[in-house]
Amino acid sequence: MKSNPLWQTARVAALRDLTPTVREFLLQPLDGAAIAWPPGAHLQVRVPVAGREQTRSYSLVGQPADTPGAYRIAVKRLDQGRGGSLAMWSLAEGDTLSVSAPQNHFPLEIDAPTSLLVAGGIGITPMVSMAQALARRGRAVRLLYAARNADELAYAQRLRDTLGDGLVLAVSGQGERLDLAGEIAALPAGAPCYVCGPTGLLGAARALWAQAGRPASGLRFETFGSGGQRPTQAFAVAVPRHGASLTVSAGESLLDALEAAGIEVMSDCKRGECGLCAMDVLSVEGEIDHRDVFLSEHEKQGNQRICACVSRVVGRITLDSAWRPETEALAR
Ligand code: FES
């Protein structure tokens, strides 16, 4: 239910461990050069997870001129995740995989005189190209970058070289905190702020942005559907309108499982941001682990809808779909 990107086969040309849990991949398309990408863009890759080929998205790191003809991404290994990162980490140099053309849902306003970038953990990846592009244009830019441990600050030296004192680091495991409120207060009116990281970071940035009286349109964000409170595990789903009962394995999303069962669900971002995949909940036995940033906290507590692309369930859920037989008949 989503536009079909152009796919190429690419070879893993080089691997490099940036931190104990972040590995960088240089991907060289076999049938031509990489397609140039704008700051903030990402690449989709297809990897085998639990016996099925699945799609994952990773931000492109740096600018096209840094890696002529090739793409660079970085993948954080998530041992409790849905399996995509482990599949990527199992690749060796010389292996091949399918990659899409670059796509961009996180565009940079390159002409803004001043910008604030905020990254948490692996959310640093799109910020590298953004920081480089802004710095090269002579724009004022500050990048706030938090990680749990000092050895998980990927690209810190490279960003220091690009931004100098404009890079502010915080290691939460050492009790350090970013002064988000102060940084937002210091921004000139109309300056944009870009946030990429876990949903908790985005939630904090959103609240402070609103408290500061800034327009919502000035806060741009990208998440990676990582707001879950629990390890990823299998759960049961029933969709009575389709007479379907299925199990969502730990390695797939609810959206993927429904589509594999022939139940079409509208979707777009697949990161819990746009809300297009939100489905009505008829009942739940157990708990919904909401991992999106689209539904409000009030809606999440009400458990009346679930974003199928990222959110999960501990237990069993019964859902309704938007499919109506009369609509299908009219479309014929
Ligand atoms: S597809 Fe965008 S929130 Fe699920």
Side-chain angles (χ1 to χ4, degrees), residues 1-5 40-46 49 52-59 78 81-84 100-107 120 122-123 126 194-203 205-206 216-217 219-230 232 235 237 239 242 246 248-282 284 287-313 317-323:
M1 296 291 291
K2 182 137 172 49
S3 58
N4 212 359
H42 67 272
L43 201 65
Q44 289 185 308
V45 303
R46 286 182 179 148
V49 178
R52 266 202 308 131
E53 197 166 65
Q54 297 194 22
T55 302
R56 297 289 188 269
S57 297
Y58 298 105
S59 294
L78 297 171
R82 291 191 287 124
S100 73
Q103 300 174 298
N104 195 5
H105 301 312
F106 197 34
I122 193 62
Y194 302 84
V195 183
C196 186
T199 50
L201 176 69
L202 174 60
R206 266 178 158 173
S217 60
L219 184 71
R220 294 95 193 256
F221 57 85
E222 188 166 72
T223 66
F224 22 84
S226 63
Q229 301 301 312
R230 302 162 191 283
T232 298
F235 60 95
V237 184
V239 189
H242 293 263
L246 52 125
V248 181
S249 73
E252 63 187 345
S253 68
L254 171 57
L255 179 66
D256 288 341
L258 291 170
E259 293 192 333
I263 300 172
E264 287 197 347
V265 180
M266 295 289 288
S267 67
D268 185 19
C269 71
K270 296 191 177 179
R271 291 188 306 276
E273 296 171 7
C274 71
L276 202 57
C277 67
M279 298 180 73
D280 291 336
V281 176
L282 298 176
V284 59
E287 277 181 62
I288 300 179
D289 186 7
H290 291 284
R291 301 183 175 205
D292 64 281
V293 294
F294 174 76
L295 299 175
S296 68
E297 283 311 309
H298 182 71
E299 288 176 302
K300 287 177 181 175
Q301 281 166 15
N303 277 344
Q304 307 242 309
R305 293 204 292 165
I306 181 171
C307 285
C309 64
V310 292
S311 293
R312 306 188 68 82
V313 176
I317 195 166
T318 303
L319 299 172
D320 200 3
S321 78
W323 178 78

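Because the structure is predicted, anything quoted here is derived from the model rather than measured. One-based numbering, in listed order, for ligands and for the atoms of each.
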(request) Identify, with sequence neighbours excluded, every residue that meets side-chain contact (heavy atoms from CB on, under 4.5 Å) alongside Ser249. (result) Glu252
(message) I need the contact residues for ligand 1: any residue with a non-hydrogen atom closer than 4.0 Å to the ligand, ordered by chain then number.
(response) Ser267, Asp268, Cys269, Lys270, Gly272, Glu273, Cys274, Gly275, Cys277, Cys309
Cut-off 3.5 Å, no hydrogens considered: what does the side-chain donor-acceptor table look like for residues 300-308, sequence neighbours left out?
| unit_1 | atom_1 | unit_2 | atom_2 | d |
| --- | --- | --- | --- | --- |
| Lys300 | NZ | Asp292 | O | 2.6 |
| Asn303 | OD1 | His290 | NE2 | 2.9 |
| Arg305 | NH2 | Glu299 | OE2 | 3.3 |

(request) Could you tell me which residues satisfy side-chain contact (heavy atoms from CB on, under 4.5 Å) with Phe106, sequence neighbours excluded, listed by chain and number? (result) Asn104, Pro126, Met127, Met130, Tyr194, Cys196, Arg220, Glu222
(request) Inspect the contact between Asp289 and Arg291 and indicate whether a charged nitrogen and a carboxylate oxygen are less than 4.0 angstrom apart. (result) yes
(request) Please report the shortest heavy-atom distance between Ala101 and Leu43, naming the atom on each side. (result) C-CD1, 4.3 Å
(request) List the atom of Gln54, the atom of Val49, and the distance in Å for their closest heavy-atom pair. (result) NE2-O, 3.6 Å
